[in-house]
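Just below is one structure, and these are the notes that go with it.
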Amino acid sequence: MRAANRSPQEMLIREEQEMQRQYSALRRVRRQPVGVVDVPERRRTSLFDAAALEVLEQHRDFLWQRLAAHSRALAAAKDRMSEGTYGICAHCARPIPPRRLKVLPTATLCVQCQERREAALAA
């Protein structure tokens, strides 16, 4: 089914399925040790190796945080759907354009309110 023909519920379901796929992939990666396997243990870790390992760990942590935030956003969107407020801007209470919801099913703000928010954060 084309994205243009999907209902909001179907879009949220697809988003959740994609999130679950990413979660599973990240869990598999998280179980793998970080570092080079074929390096003898006697060899001292260089400063570069230690920095690379730290960056990899930080990247994994960042991915977990993003995934958790996306999971919360999906749950909130489902709650709004069951309450009948899905697709309504949380700031101005106007309808969020269907095009925006197709691109970002978890959107809580209309385009104008989102632009105002981003402008205020940039200032």
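This chain uses plain numbering: 1 for the first residue, then up along the sequence.
- Atoms CD and CG, on E54 and L56 in that order, are 9.5 Å from each other to the nearest 0.5 Å.
- The heavy-atom pair separating K102 from P105 by the smallest distance is O-CD, 4.2 Å.
- In the hydrophobic cluster analysis, where Ile, Leu, Val, Met, Phe, Trp and Tyr join through side-chain heavy atoms closer than 4.5 angstrom, I96 is grouped together with M81.
- With values rounded to the nearest 0.5 angstrom, L104 atom CG is found 7.5 Å from E15 atom CD.
- Between G87 and L101, the closest heavy-atom pair is CA-CD1, 3.7 Å.
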Next on the checklist: Evaluate Q114 against E118 for side chain to side chain contact (heavy atoms under 4.5 Å, CB included), listing each step before the verdict.
Outcome noted: CA-CA 6 Å; Q114 183 67 40; E118 289 174 7; 3.0 Å; yes

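- When every heavy atom of C89 is checked against every heavy atom of C113, the shortest pair comes out as SG-SG, 3.7 Å.
- Judged as a side chain to side chain contact (heavy atoms under 4.5 Å, CB included), and not counting sequence neighbours, the contacts of L67 are M19, Q22, Y23, L26.
- C92 and C110 get closest at one heavy-atom pair: SG-SG, 3.8 Å.
- Residue pairs meeting the side chain to side chain donor-acceptor pair (under 3.5 Å) criterion with at least one member in residues 74-86, sequence neighbours excluded, are E16-K78.
- The two residues R100 and L109 come nearest to each other via the heavy atoms NE-O, 2.8 Å.
- Rounding to the nearest 0.5 Å gives a distance of 11.5 Å between CD of E57 and NE2 of H59.
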